[in-house]
Amino acid sequence: MRCPTYVLVAFVALFALAPSGPAQCDQVWGNEWSNWTSYSGFTSPVYEIETADDFDVVGAIARVQMNGRSTAVFAAPILGATLRFYEGTSAGPGALQAEYTFAGDDPNFGYAPIPGKLDFRLPAPFAATGQHFVSAQIDFGDTFGNWSCWAANQANVVGSVPYERTNAGGWQPVKATFFGFTDLDFSLFDDDGTPPPEGFCGQWFEVASPNYLSDHNILRDLDVIAADDIWAIGESRLPVGTGWSNADIVGLAMHWNGTEWTIFPVPHPVPFTGFGWVDLEGIAAIAPDDVWASGSKRVVHPVDGFVGQQYFVIHWDGTSWTEVPTPSTPAGCTGAGLHGIKAFGPDDVWFAGYRCQAMGAGWVPATVLHWDGQGFTEYELPFVGLGGHAAEAIDGTGPDDVWVVGGPGSSPGAWQQSLIYHFDGTTWTHVPGPVEGLGQLLHDVAVIAPDDVWVAGEYVEPGVVAPLLQHWDGTSWETVFSPTGGAGIVALASDDVWTCGGGFAHWDGTEWTSVPALACTPGASLSAIDAVSPCELWAVGRRVSADLQSLTAHLVPSWDDAGGGLGAPSPQLRVGGSLTEGSLMRVEVYDAAASAQGLHIIGSSRVDLPVFPFFGGIMIPSPDVLVPFMTDVLGRHIVEFPVNVTLDPGLELYIQSWIVETQPKSVEGTNARWTFVN
């Protein structure tokens, strides 16, 4: 997302600035797909077609999705895309009202080549007042390319027929290929401008994360080194050549530096192009220059030449990722992968997964690899039940207290066993917990102490899959049901445990409570969670919109309310952040004047204002930072401030936001807020 220019005075090194996009909620317009015919969308250095269709909406448009196809996508580079809104007239598109340009790697632009879909999340909402036209174009650079929108509402056009123009010339009505006049297949989503709900500690919000230009981007695990040093891993699907099946699954590794996520390439061994597979499932960080990640790779077996899945381990040395050789499966047998990692030190790293035995054995056991600084030792865990099973996660307090959990695969099915193991430094032992429902699968484990362990997973009841949380007290396991979560878990203390999945839940020592989060992120699915500190957490997964896109979410602790707002009613001010170096401070203004100039005032001193009309409010007499801003069409402004310096413990920091109205001329003041650095 492109950000405006800010002017800072005084402590200019205190913060770096980055915007955060608006929420996208309810669908307010949708043309139903009719058939596989489409409208033209050719682009080249000298020839360009633009097709636009109308809609009739009153409100703030924050997201646009278009469905279509691309016949030349694999041969053409994608530099970016442009979304345009035009005035609605009886003769077609009128004056250009808004234009949004996205780079090809902009996290707010989603592009799925198969099937062809475009997903635009607008940096500022478009204020729709009735009939308008909308168009979308992909920029293929100097290469000929094609993206065409599917037809919708065949023989039942809603509003106007589509219009087309070539090389920005005059608009003409246009018919879909083979089927005459139809609509374009697109959907619009609104933004009502209301603040998202706050829950325990503060507010969860989505942070823009990058994707390969692919219809498949998933994050599966993360590990936090510091507030400005976080790794997340998963996989992407990259098309190779033409055709649905010709694609490589590649490992996806991205790093958060306190300001933004950046993708770093990982090794990609493949048997041949178009049939590659490298996925990453687990990650563990010891230091900024000592990070491990693991998963599986599809390669040629070194003995029998068969193509199949093998262990895959990579290491980050502070500069690049390098593959570390691992044991292969026996000849005549392929199928191995590593899901979870726990690192106690540079020469004490544990990996949990699975590996097939010799052909004809009829089962695949869960396995564990241990890295001692020189090489790997492989452990085969006690076999449970029938068929194959895999270790999904690993955690512990030390090398003589390690726990591993798992199950039969990616779905609980009818798995009537509890796959929980413990290592005492010498022997791996099966320590099963209760089996709930028709079957279960355990995804994650968090160890607080030898007698305080949590596992997270899911279980099946007739017609439903539900989260499963179980606790070990040193003697036995107890099921403690949660309203959500079950995919990932992190424990900060016995009375401070988080789980994620379809949502978030928090354990306070007595019960699990659902925490409001990501209400306006369509199809949010979270697979892993980790903490910077109490009340500052990150989670990763995927969001399902036009395609599968990476998803990162951040919990920022809320500041206190100092009161004293000015206006009738006064705008809402939300501020969050821990104010430790590398952490993210977030400022949100709601219910202010629309498209108005404003100023954030931040300082470490205050003066109480006991006089009218500021009863109960404060003033900041010596600002350290001044940040000009403009509210959007909904009277809202959201910005993020990564903290660039260490603030002394005990510091008290204050913020006010003032907004200038032009009609009528007046000044609005937000409530001031403050926090303490612990």
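Start at 1 with the first residue, then count along the sequence. We use all heavy atoms of the structure for the numbers below, so side chains are in, but hydrogens, waters and symmetry mates are not.
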Exercise for the section: List the steps and the verdict of side-chain contact (heavy atoms from CB on, under 4.5 Å) for Tyr459 and Thr479. Expected result: CA-CA 11 Å; Tyr459 73 97; Thr479 299; over 6 Å; no
Handout entry: Pair Tyr311 + Phe376: ring centers closer than 6.0 Å
Key = no
Handout entry: Side chains of Val349 and Ile286 in contact at under 4.5 Å (non-hydrogen atoms)
Key = yes
Exercise for the section: Identify, with sequence neighbours excluded, every residue that meets side chain to side chain donor-acceptor pair (under 3.5 Å) alongside Gln203. Expected result: Arg574, Glu588
Problem - Side chain to side chain, Val465 and Val460, heavy atoms closer than 4.5 Å - result: yes
Handout entry: Considering all heavy atoms, the nearest Leu551-Ala524 contact
Key = CD2-CB, 3.8 Å
Problem - Main-chain N/O of Gly276 paired with Asp248 side-chain donor or acceptor, under 3.5 Å - result: yes
Problem - By side chain to side chain donor-acceptor pair (under 3.5 Å) - contacts of Thr397 (at least two apart) - result: Asp401
Completion exercise
Heavy-atom closest pair (Gly407 atom, Glu392 atom, distance to 0.1 Å) is N-CG, 4.4 Å
Completion exercise
Nearest heavy-atom contact between Ser294 and Val313 is CB-CG2, 4.2 Å
Problem - With Glu323 via salt bridge (Lys or Arg N to Asp or Glu O under 4.0 Å) - residues at least two apart - result: Lys297
Exercise for the section: Only counting residues at least two apart or in another chain, list the ones meeting side chain to side chain donor-acceptor pair (under 3.5 Å) with Trp350. Expected result: Asp348
Practice task
Could you verify whether a donor N or O on one side chain and an acceptor N or O on the other, from Glu380 and Thr367, lie under 3.5 Å apart?
Solution key: no
Completion exercise
Those residues at least two apart in sequence (or on a different chain) that pass side chain to side chain contact (heavy atoms under 4.5 Å, CB included) with Asp228 are Ala226
Problem - Side chain Ser418, main chain Pro432, donor-acceptor under 3.5 Å - result: no
Exercise for the section: Please name the pair of heavy atoms, one in Ala293 and one in Leu280, separated by the smallest distance, quoted to 0.1 Å. Expected result: CB-CD2, 4.4 Å
Exercise for the section: Would you indicate whether the side-chain heavy atoms of Thr513 and Phe200 approach each other to under 4.5 Å? Expected result: no
Problem - Any residue meeting salt bridge (Lys or Arg N to Asp or Glu O under 4.0 Å) with Glu378, in chain and number order, not counting sequence neighbours - result: Arg355
Practice task
Not counting sequence neighbours, which residues clear ring pair (Phe, Tyr, Trp, His ring centres under 6.0 Å) with His301? List them please.
Solution key: none
Show me the donor-acceptor pairs within less than 3.5 Å that the side chains of residues 533-542 make with the rest of the protein, sequence neighbours left out.
from, atom 1, to, atom 2, distance (Å)
Glu536, OE1, Ser578, OG, 2.8
Glu536, OE2, His554, NE2, 3.1
Trp538, NE1, His554, NE2, 3.4

Exercise for the section: First locate atom CD1 of Ile283, then atom CG of Leu222, and finally report the distance between them rounded to the nearest 0.5 Å. Expected result: 8.0 Å
Practice task
Working to the nearest 0.5 Å, report the span between CD1 of Ile394 and CG of Leu369.
Solution key: 9.5 Å
Exercise for the section: Output the distance between atom CZ (Arg543) and atom CG (Asn211), rounded to the nearest 0.5 Å. Expected result: 7.0 Å
Exercise for the section: Could you walk me through whether Arg237 and Leu548 pass side-chain contact (heavy atoms from CB on, under 4.5 Å), step by step? Expected result: CA-CA 10 Å; Arg237 175 187 178 277; Leu548 299 182; over 6 Å; no
Practice task
Using salt bridge (Lys or Arg N to Asp or Glu O under 4.0 Å) as the criterion, list what pairs up with Asp444, not counting sequence neighbours.
Solution key: none
Problem - Ile225 side chain near Val291 side chain, heavy-atom distance below 4.5 Å - result: yes
Fill in the blank from the handout: Between the OH atom in Tyr421 and the CG atom in Leu419, the distance rounded to the nearest 0.5 Å is 4.0 Å
Exercise for the section: For the residue pair Val515 and Leu555, establish whether any side-chain heavy-atom pair is separated by less than 4.5 Å. Expected result: no
Exercise for the section: Drop me the distance from Ile233's CD1 to Ile314's CD1, to the nearest 0.5 angstrom. Expected result: 8.5 Å
Handout entry: For Glu281, side chain to side chain donor-acceptor pair (under 3.5 Å) partners two or more places apart
Key = none
Practice task
Could you give me the CA-CA distance, side-chain angles and deciding distance for Val402 and Lys342, then say whether side-chain contact (heavy atoms from CB on, under 4.5 Å) is met?
Solution key: CA-CA 9 Å; Val402 184; Lys342 176 63 180 180; 5.8 Å; no
Practice task
Flag the pair Asp473 / Asp451 as yes when at least one side-chain heavy-atom distance between them is below 4.5 Å, and no otherwise.
Solution key: no
Practice task
Please work out whether the ring planes of Trp477 and Trp472 are parallel, tilted or perpendicular, with thresholds of 30° and 60°.
Solution key: tilted
Practice task
Please test Val299 against Phe312 for side-chain contact (heavy atoms from CB on, under 4.5 Å), starting from the C-alpha separation and ending with a verdict.
Solution key: CA-CA 10 Å; Val299 294; Phe312 183 61; over 6 Å; no
Exercise for the section: Answer yes or no: is there a donor N or O on one side and an acceptor on the other, between the side chain of Asp106 and the main chain of Asn108, under 3.5 Å? Expected result: yes
Problem - Trp403 side chain near Asp395 side chain, heavy-atom distance below 4.5 Å - result: no
Check residues 487-505 and write down every donor-acceptor pair under 3.5 Å in which the side-chain atom is one partner and the other belongs to a residue at least two apart or another chain.
from, atom 1, to, atom 2, distance (Å)
Ser494, OG, Asp452, OD2, 2.4
Asp496, OD1, His506, NE2, 2.8
Thr499, OG1, Gly486, N, 2.9
Thr499, OG1, Gly488, O, 2.9

Exercise for the section: Measure the acute angle between the ring planes of Trp231 and Trp321, then classify it against the limits of 30° and 60° as parallel, tilted or perpendicular. Expected result: perpendicular
Exercise for the section: Classify the ring geometry between Trp454 and Trp512 as parallel (under 30°), tilted (30 to 60°) or perpendicular (over 60°). Expected result: perpendicular
Problem - Any donor-acceptor N or O pair under 3.5 Å, side chains Asn217, Ser550 - result: no
Fill in the blank from the handout: Heavy-atom nearest pair, Ala366 first then Ala390, reads CB-C, 4.0 Å
Problem - Check: Trp371 and His315 side chains under 4.5 Å, non-hydrogen atoms - result: no
Exercise for the section: Could you name each residue pair satisfying ring pair (Phe, Tyr, Trp, His ring centres under 6.0 Å) that touches residues 322-341, not counting sequence neighbours? Expected result: His339-Tyr354
Exercise for the section: Report the relative orientation of the aromatic rings in Phe383 and His389; use parallel for angles under 30°, tilted for 30 to 60°, perpendicular for over 60°. Expected result: tilted
Handout entry: Rounded distance (nearest 0.5 Å) linking atom CZ of Arg298 with atom NE2 of His268
Key = 9.5 Å
Exercise for the section: Examine distances only and state if a side-chain atom of Glu206 and a backbone atom of Leu518 form a donor-acceptor pair shorter than 3.5 Å. Expected result: no
Practice task
Please name the pair of heavy atoms, one in Pro516 and one in Gly199, separated by the smallest distance, quoted to 0.1 Å.
Solution key: CD-CA, 3.8 Å
